[in-house]
*Asks:* 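There's a structure below that I have some questions on.
A, B, ... follow the sequence lines: proteins, then strands. Residue 1 opens every chain.
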Amino acid sequence: MLDPQLLRDNLPGVAKKLADRGYQLDVQAWQSLEDRRKALQIETESLQSQRTQISKSIGQAKAKGEDMQPLLDQVAGLGDQLDQSKAALQDIFAEMEQVTLYLPNLAQEDVPVGQDEADNVEIRTWGTPPTFDFAVKDHVDLGAVSGFMDAEAAATLSGSRFTVLSRDLARLQRALTQFMLDTHINEHGYDEFYVPYLVNDQAMLGSGQLPKFADDAFITEDGRFLIPTAEVPLTNLVANHILDSDALPIKMTAHTPCFRREAGSYGKDTKGMIRQHQFDKVEMVQIVHPEESNQALEDMTNHAENILKALKLPYRVIILCTGDMGFSAAKTYDIEVWVPAQNTYREISSCSNCEDFQARRMQARFRTPEQKKPQLVHTLNGSGLAVGRTLLAVMENYQNQNGSIRVPEVLQPYMGGEQVINRAE
RNA sequence: GGAGAGAUGGCAGAGCGGUUGAAUGCACCGGUCUUGAAAACCGGCAUACGUUAAUAGCGUAUCCAGGGUUCGAAUCCCUGUCUCUCCGCCA
């Protein structure tokens with residue numbers, strides 16, 4: 001949610017920044033709502049104040065045994081007037097909320113202005129895409145060689161966009177997860193969390209998935225949501241908290257499955273593990289002092305990169321343009337890993353500074369000893385990394401001509417020292 | 001799933017439908033006292049919104065949440081959520 005004060009003080013400026021993000025705010029309509037709100041609120045509160053005063057007088061009169069009737073007459077008309085005024089004010093508030101809940105965060109100044117992913121800007125690359133002296137297989141074909149990846153079985157169980165992994169590939173995915181968690185915990189200073197995979201609508205609203213993106217999430221019969229990312233439960237851990245400033249920064253990591261409807265992506269990445277309804281992810285979330293959020297974003301991006309470096313997977317970092325950023329983000333770096341079979345880089349991590357956008361929605365604040373008034377924290381989240389896509393990247397980048405897959409060195413301890421994944425004998 | 005109990009400020013814990021944002025204690029902050037500390041004493045100590053240049057005043061709201069009764073609700077009624085105890089079931 002944007003700062004409502006900002007919408008009052010600098011409406012044209014906000015409208016312009018929203019336009020950069022592809023959101024057209026009807027400035028006139030908003031201004032007229034705001035004008036009505038102000039008049040109505042002042043009226044309502046003044047009526048309320050009058051009634052309270054008279055009611056108190058009635059109490060006193062009664063206590064002294066005086067005649068209350070004149071006072072009762074005086075207050076008689078007030079009630080209806082107040083009810084009307086209140087109702088009108090509530091309508092205005094509701095109407096305004098229907099706008100504000102749908103306003104995306106404003107982009108930082110250094111975010112490139114653009115329409116879509118074509119306008120994203122490459123920041124840096126790491127590693128060199130491997131060359132193969134044979135025809136490369138994609139991860140689906142590699143999975144077929146070992147027989148440890150079974151989309152058909154998954155389709156029978158659940159439909160499209162699911163995968164069954166078995167044996168060494170299942171183990172490799174687990175190894176990746178463990179390695180990522182261990183690295184973030186031991187090298188990067190995150191605390192490990194285990195969180196619910198079902199959350200309520202408040203949590204989804206707090207981190208910005210609701211109300212706008214309800215169609216992207218799976219909802220249960222009793223109104224809960226399967227988490228689309230661990231960002232939702234992790235970030236909401238500080239919802240409605242007033243933290244001590246020395247508790248910051250809070251750095252959390254968790255491994256969870258993620259569930260996404262992938263509504264609107266029909267026909268995209270239908271083959272293989274790129275785009276699934278269910279995938280595992282190791283997530284990083286930081287809750288920081290506002291002045292430190294930009295540095296934290298750089299750090300967090302590096303933390304995600306360190307995983308790829310350790311796995312020796314070539315990647316590049318791009319900054320998303322205003323048109324391609326997520327709803328809650330003020331600035332986002334995507335990390336894209338080299339996918340040999342597609343001869344291109346594909347997203348494997350997204351690291352965002354949401355500034356106070358989520359914090360305002362979920363009322364996550366902190367207080368310093370010097371300052372009386374609590375301030376909103378800044379929140380950041382980043383994938384570190386999407387495990388399924390990492391698995392796919394390892395398979396393709398580490399493939400041999402015969403379809404076997406070398407196990408990256410850092411994963412070998414997690415694989416019982418195994419160095420190559422082969423077809424089962 | 002069944003039966004019962006409960007939800008009040010950072011914590012503990014009062015609160016006949018009437019000047020209650022809410023007693024009291026603890027914690028915390030400031031002061032007096034003291035060589036220093038403790039004790040004692042004095043004072044302070046919620047959040048949000050509106051208005052405003054203002055984190056000054058003033059107004060409004062908030063005693064789990066949402067409705068209702070009433071001139072007036074922490075207090076009465078309804079619904080929901082959560083917590084606890086017992087039983088059942090269960091990884």
*Asks:* Is there a donor-acceptor contact under 3.5 Å linking the side chains of A:Gln358 and A:Thr379?
*Replies:*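 The answer is yes; a qualifying pair exists.
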*Asks:* For atom P, what is the distance between B:C58 and B:A65, given to the nearest Å?
*Replies:*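 Nearest-Å result for B:C58 against B:A65 at atom P: 27 Å.
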*Asks:* Between B:A46 and B:G9, how far is it from one C1' atom to the other, in whole Å?
*Replies:*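 One C1' to the other, the span is 6 Å.
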*Asks:* Taking RNA chain B as the partner, which of residues 69-86 of chain A come within under 4.0 angstrom of it by heavy atom?
*Replies:*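 Contacts with RNA chain B under 4.0 Å: A:Leu72, A:Val75.
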*Asks:* Specify the closest pair of heavy atoms between A:Asn397 and A:Arg406, including all atoms of both residues, with the distance to one decimal.
*Replies:*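 In this case the closest contact between A:Asn397 and A:Arg406 is O-NH2, 4.1 Å.
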*Asks:* Could you please spell out the steps behind the side-chain hydrogen bond (donor to acceptor under 3.5 Å, both in side chains) verdict for A:His184 and A:Thr253?
*Replies:* CA-CA 7 Å; A:His184 294 317; A:Thr253 186; 5.2 Å; no
*Asks:* In terms of the angle between their ring planes, are A:Tyr190 and A:His188 parallel, tilted or perpendicular, with boundaries placed at 30° and 60°?
*Replies:*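 A:Tyr190 and A:His188: perpendicular rings.
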*Asks:* Roughly how far apart, to the nearest Å, are B:C78 and B:C86 at atom P?
*Replies:*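 Roughly 28 Å separates the two P atoms.
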*Asks:* We want to know whether A:Asp73 and A:Gln69 form a side-chain donor-acceptor pair, criterion being a heavy-atom distance below 3.5 angstrom.
*Replies:*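 A pair is found: one side chain offers a donor N or O, the other an acceptor, under 3.5 Å apart.
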*Asks:* Could you check whether A:Ile54 gets within reach of a base, just the sugar-phosphate, or nothing at all, counting any heavy atom under 4.0 Å?
*Replies:*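 Here A:Ile54 touches no strand at all.
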*Asks:* For a quick check under 3.5 Å, do A:Asp299 and A:Gln295 share a side-chain donor-acceptor pair by atom type?
*Replies:*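 Per modelled atom types, A:Asp299 and A:Gln295 side chains form a pair under 3.5 Å.
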*Asks:* If you find the nucleotide of RNA chain B closest to A:Gln5 and the one closest to A:Lys56, which residue's nucleotide is nearer the 5' end?
*Replies:*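 Nearest-nucleotide comparison on RNA chain B picks A:Lys56.
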*Asks:* Could you summarise the pairing of RNA chain B as dot-bracket text, marking Watson-Crick and G-U pairs under 3.5 Å with ( ) or [ ] inside the strand and | across strands?
*Replies:* ((((((((.[[[..)..(.....]]].(((((.......))))).((((((.....)))))).[[[[[..)....]]]]])))))))....
*Asks:* Restricting to non-hydrogen atoms, name the atom on A:Pro211 and the atom on A:Arg361 that form the minimum distance, rounded to 0.1 Å.
*Replies:*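 Minimum heavy-atom separation between A:Pro211 and A:Arg361: CD-NH1, 4.3 Å.
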*Asks:* Just to verify, what does A:Phe93 make a ring-ring contact (aromatic ring centres under 6.0 Å, His included) with, not counting sequence neighbours?
*Replies:*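 Expected list: none.
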*Asks:* With rounding to whole Å, what would you report as the distance between B:C76 and B:A14 at their P atoms?
*Replies:*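 About 15 Å, rounded to a whole number of Å.
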*Asks:* Does any part of the side chain of A:Ser146, heavy atoms only, come nearer than 4.5 Å to the side chain of A:Leu169, both counted from C-beta?
*Replies:*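 Side-chain contact under 4.5 Å: yes.
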*Asks:* Using only atom types and a distance under 3.5 Å, with no angle test, would you say the side chain of A:Asn236 pairs donor to acceptor with the backbone of A:Ala203?
*Replies:*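 Pair found, side chain donor or acceptor close to backbone of A:Ala203.
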*Asks:* Can you tell me how far C1' in B:U52 sits from the matching atom in B:G57, rounded to whole Å?
*Replies:*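 To the nearest whole Å, 9 Å.
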*Asks:* Output all residues satisfying salt bridge (charged side-chain N to carboxylate O under 4.0 Å, His left out) with A:Glu336, sequence neighbours left out; order by chain, then residue number.
*Replies:*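 Partners of A:Glu336 by the salt bridge (charged side-chain N to carboxylate O under 4.0 Å, His left out) criterion, ordered by chain and then number, come out as A:Arg316.
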*Asks:* Assess the residue pair A:Phe259 and A:His277 against the criterion (ring pair (Phe, Tyr, Trp, His ring centres under 6.0 Å)); give the C-alpha distance rounded to whole Å, side-chain angles, the decisive distance to 0.1 Å, and a yes or no.
*Replies:* CA-CA 5 Å; A:Phe259 302 93; A:His277 287 312; 9.9 Å; no
*Asks:* At a heavy-atom distance below 4.0 Å, what parts of residues 35-44 of chain A sit against RNA chain B?
*Replies:*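 Result for residues 35-44 of chain A: A:Arg37, A:Lys38, A:Gln41, sorted by number.
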*Asks:* Which whole number of Å gives the distance between the C1' atom of B:A53 and that of B:U47?
*Replies:*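 It works out to 24 Å between them.
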*Asks:* Sequence neighbours left out, what passes side chain to side chain donor-acceptor pair (under 3.5 Å) with A:Asp244? Give chain and number order.
*Replies:*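 Checked A:Asp244 against side chain to side chain donor-acceptor pair (under 3.5 Å); zero matches.
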*Asks:* Judged by each residue's nearest nucleotide on RNA chain B, which is more toward the 5′ side, A:Gln50 or A:Arg8?
*Replies:*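 By nearest-heavy-atom nucleotide position, the 5'-most residue is A:Arg8.
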*Asks:* Show me the donor-acceptor pairs, under 3.5 Å and distance only, between side chains in residues 102-116 of chain A and residues at least two apart or in other chains.
*Replies:*
residue, atom, partner, partner atom, Å
A:Asn105, ND2, A:Ser328, O, 3.0
A:Asn105, ND2, A:Cys354, O, 3.1
A:Gln108, NE2, A:Asn294, OD1, 2.9
A:Gln108, NE2, A:Glu355, OE2, 2.7
A:Glu109, OE2, A:Lys17, NZ, 3.4
A:Asp110, OD2, A:Lys331, NZ, 2.7
A:Asp116, OD1, A:Ala118, N, 3.0

*Asks:* What's the gap between B:U55 and B:U69 when it is taken at their P atoms, as a whole Å value?
*Replies:*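 One P to the other, the span is 37 Å.
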*Asks:* Kindly write out the residues that satisfy salt bridge (charged side-chain N to carboxylate O under 4.0 Å, His left out) with A:Glu305, not counting sequence neighbours, or none if the list is empty.
*Replies:*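 Checked A:Glu305 against salt bridge (charged side-chain N to carboxylate O under 4.0 Å, His left out); matches are A:Arg124.
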*Asks:* For A:Glu283, enumerate each residue passing the salt bridge (charged side-chain N to carboxylate O under 4.0 Å, His left out) test, keeping only those at least two apart in sequence or located in another chain.
*Replies:*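 A:Lys281.
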*Asks:* In whole Å, what separates the P atom of B:C49 from that of B:C41?
*Replies:*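 39 Å, rounded to whole Å.
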*Asks:* Residues from residues 88-98 of chain A sitting under 4.0 Å of RNA chain B, heavy atoms only?
*Replies:*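 The stretch gives none, as no residue of it lies under 4.0 Å from the strand.
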*Asks:* What is the 5' to 3' range of RNA chain B, first to last nucleotide, that sits under 4.0 Å from any heavy atom of chain A?
*Replies:*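 From 5' to 3', the first and last contacting nucleotides are B:G18 to B:G72.
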*Asks:* Mind checking A:Gln60 for me? I need base, sugar-phosphate or nothing, with any heavy atom below 4.0 Å counting as a touch.
*Replies:*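 Counting heavy atoms under 4.0 Å across all strands, the contact made by A:Gln60 includes a base.
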*Asks:* Could I get the full list of salt bridge (charged side-chain N to carboxylate O under 4.0 Å, His left out) partners for A:Arg8, not counting sequence neighbours?
*Replies:*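 Result, salt bridge (charged side-chain N to carboxylate O under 4.0 Å, His left out) vs A:Arg8: A:Glu34.
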